[in-house]
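Have a look at the structure below, then the notes.
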Amino acid sequence: VSRSKGLRGTESQREPRIPSQFSQEQRIAMKEALKGAIQIPTVSFSPKELNTTALAEFGEYIRKVFPTVFHTSFIRHEVVGNYSHLFTIKGSDPSMQPYMLLAHIDVVPAPDKGWDVPPFSGLERDGFIYGRGTLDNKNSLMAILQALELLLIRNYIPRRSFFIALGHDEEVSGINGAQKISALLQARGVQLAFVVDEGSFILDGFLPNLKKPFAMVSVSEKGAINLRLQVNMTPGHSSAPPKETSIGILAAAVSRLEQTPMPNMFGSGPLRMALEQLANEFPFPTNIVLNNLWLFRPLVSRLMERNYVTNPMVRTTAALTMFNAGIKENVIPPVAEAIINFRIHPAQTVQEVLKLAKDIVADDRVQFHVLDAFDPLPISPSDDQALGYQLLRQTIQSVFPEVNIVAPGTCIGNTDSRHYLNLTTGIYRFNPVYLQPQSFSSIHGINEKISVEAYETQVKFIFEFIQNGDTDVEPVPHLHEL
Ligand SMILES: CCCCCCCC/C=C\CCCCCCCC(=O)N[C@@H](CCCCN)C(=O)O
Ligand SMILES: [Zn+2]
Ligand SMILES: [Zn+2]
């Protein structure tokens with residue numbers, strides 16, 4: 001019953017559907033295109049240090065690899081903020097509200113150390129393409145353009161208009177890419193039915209005892225604070241040290257933050273909905289526990305904290321990421337500073353977290369400077385009427401028939417999609433790729449890789465998704481699960 005829930009409409013689609021089958025030649029061309037993209041080192045080091053040469057080269061590269069996308073009369077291409085790209089694909093039916101697909105061009109740095117192959121080589125080994133950006137997020141970027149190119153070659157004409165936005169500075173803020181594209185579309189009066197970005201996967205092996213993978217579509221995203229803590233003390237000769245130095249005071253303060261977890265907020269929201277949907281996938285007795293969260297909520301919330309990937313789902317986290325102090329080995333340090341990166345649970349706000357942090361530090365000598373901060377993102381709808389969510393669900397069910405459950409979640413990282421709040425209430429973060437805990441660690445880590453098969457499936461997914469977007473979607477009466 002659950003498989004037929006949601007939206008329906010293939011029967012009313014006007015154009016014949018183009019099957020997502022690709023020739024051997026096309027399959028080779030698509031993986032080679034991804035390798036070429038990985039070889040361009042579009043690294044963002046900091047908001048002011050981007051590899052602009054590589055970003056410009058990337059613009060040339062996509063023009064070369066996807067000629068049809070760039071030479072189709074109903075597609076408009078614009079460069080925004082010097083290196084980001086916006087494509088407007090005009091559909092034949094102006095009554096259908098447009099949507100937008102997002103991906104980003106930039107990647108985080110990847111020093112060679114620890115990699116089996118150089119991170120910008122794009123080498124293929126044992127059926128995997130290696131390199132920085134193979135999961136985050138050149139896979140999405142290339143798959144979107146690749147799927148569109150393949151559709152166009154087969155004379156595809158969309159009914160529903162859509163946009164493709166490729167940001168160039170997601171890893172350092174999105175201020176010059178996504179934010180500018182968003183402002184441009186707002187100035188044009190565009191309102192979107194929904195956007196789809198990176199930020200979640202088909203999760204495989206993340207929950208103990210859950211043998212089967214499930215698709216998590218993130219309907220919200222944690223907020224964040226970058227907080228600088230600073231302690232100033234009078235400098236002097238190290239031969240006669242004061243009782244406490246700026247280093248000692250600050251170290252004790254950050255240690256208290258590390259040792260005092262923020263409150264466990266498990267209770268409502270997407271995570272609870274996901275666990276309830278997953279309940280029957282678990283063996284006894286976990287199925288009973290998850291079917292009775294009214295009773296077992298305290299137990300489940302404690303179990304969730306035990307694991308380093310599920311812990312961030314239930315609370316605001318505080319990571320000590322930078323620490324600087326001292327100017328010479330025999331000088332009492334005049335100043336010590338540290339950066340704490342908080343990720344805010346959807347049930348809290350920036351102000352609440354700052355108040356909690358002040359109470360934990362509890363030392364007036366430690367100054368608080370908020371570098372940047374934003375609240376958690378609103379929860380996008382995932383009900384039967386939510387077009388973006390239901391199109392994702394429908395496409396997941398057809399491309400991954402072995403996946404039984406599609407559940408809402410919260411993205412623990414941040415994505416460019418947060419810059420599009422002004423254009424839509426439907427923001428969905430999902431990559432149609434299987435992810436195991438080990439591949440999760442490779443994102444921003446070492447040996448990031450994607451299998452050739454997984455990449456082909458991602459292209460197929462987008463190929464199907466775009467066509468599903470053209471169907472007349474009518475809400476289906478709610479069917480009770482048996
Ligand atoms: C039912 C519970 C199962 C929990 C399993 C959670 C597994 C996590 C799965 C996917 C998370 C992937 C997150 C990828 C998106 C992160 C993108 C990113 O790195 N963004 C940066 C943006 C930086 C912007 C500048 N401040 C970031 O968040 O740092
Ligand atoms: Zn990313
Ligand atoms: Zn990233």
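Atoms within each ligand, like the ligands themselves, are counted from 1 in listed order.
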**Request:** Indicate, as side chain, backbone, both or neither, the part of Val172 found under 4.0 angstrom from ligand 1 when only non-hydrogen atoms are considered.
**Result:** backbone
Counting both backbone and side chain atoms, is some N or O of [X] under 3.5 Å from an N or O of ligand 1?
{"X": "Arg343", "value": "yes"}
{"X": "Asn414", "value": "yes"}
{"X": "His444", "value": "yes"}

**Message:** Taking the six-membered ring for Trp, are His85 and His77 closer than 6.0 Å centroid to centroid?
**Reply:** yes
**Message:** Please confirm whether the ring centroid of Phe463 lies under 6.0 Å from the ring centroid of Phe22.
**Reply:** yes
**Prompt:** Is the closest heavy-atom distance from Ser173 to ligand 1 below 4.0 Å?
**Reply:** yes
**Message:** Looking at ligand 1, would Arg429 count as a contact under a 4.0 Å heavy-atom criterion?
**Reply:** no
**Message:** Strictly under 2.8 Å, is the Zn ion (ligand 3) approached by any N, O or S atom of His104?
**Reply:** no
**Message:** To make sure I understand the geometry: which N, O or S atom in Glu171 is closest to the Zn ion (ligand 3)?
**Reply:** OE2
**Item:** Parallel, tilted or perpendicular: rings of Phe70 and Phe87 (30°, 60°)
**Value:** perpendicular
**Prompt:** With distance as the sole criterion, is a donor-acceptor pair present between the side chains of Asn422 and Gln186 under 3.5 Å?
**Reply:** yes
Which residue and non-hydrogen atom of the protein lie closest to [atom], and at what distance in Å?
{"atom": "atom 9 (C) of ligand 1", "answer": "Leu203 CD2, 3.9 Å"}
{"atom": "atom 4 (C) of ligand 1", "answer": "Met313 SD, 3.8 Å"}
{"atom": "atom 23 (C) of ligand 1", "answer": "Glu171 O, 3.8 Å"}
{"atom": "atom 8 (C) of ligand 1", "answer": "Phe440 CE1, 3.8 Å"}
{"atom": "atom 14 (C) of ligand 1", "answer": "Gly199 CA, 4.3 Å"}
{"atom": "atom 10 (C) of ligand 1", "answer": "Phe201 CD1, 3.9 Å"}
{"atom": "atom 24 (C) of ligand 1", "answer": "Glu170 O, 3.6 Å"}

**Non-hydrogen protein atom less than 4.0 angstrom from atom 28 (O) of ligand 1** = yes
**Prompt:** Any salt bridge between Lys35 and Glu124, counting N to O under 4.0 Å?
**Reply:** yes
**Message:** I'd like to know if Glu258 pairs up with Arg256 as an ion pair, taking the criterion as any Lys NZ or Arg NE/NH1/NH2 lying under 4.0 Å from an Asp or Glu carboxylate oxygen.
**Reply:** no
**Prompt:** Can you tell me if Asp136 has an N, O or S atom under 2.8 Å away from the Zn ion (ligand 2)?
**Reply:** yes
**Asked** Does Glu198 put an N, O or S atom under 2.8 Å from the Zn ion (ligand 2)?
**Response** yes
**Request:** Please examine the side chains of Thr457 and Phe461, heavy atoms only from C-beta on, and report whether any two atoms are closer than 4.5 Å.
**Result:** no
**Request:** Step by step, work out the salt bridge (charged side-chain N to carboxylate O under 4.0 Å, His left out) result for Glu276 and Arg272.
**Result:** CA-CA 6 Å; Glu276 281 168 349; Arg272 183 171 182 151; 3.2 Å; yes
**Message:** Could you measure the distance from the NE2 atom of His345 to the CD1 atom of Ile412? Nearest 0.5 Å is fine.
**Reply:** 12.0 Å
**Message:** Against the six-membered ring of Phe120, is Arg132 placed for a cation-pi contact (under 6.0 Å from the centre, within 45° of the normal)?
**Reply:** no
**Request:** Give a yes or no on whether the backbone of Asn280 and the side-chain of Asn287 come within a donor-acceptor separation of less than 3.5 Å.
**Result:** no
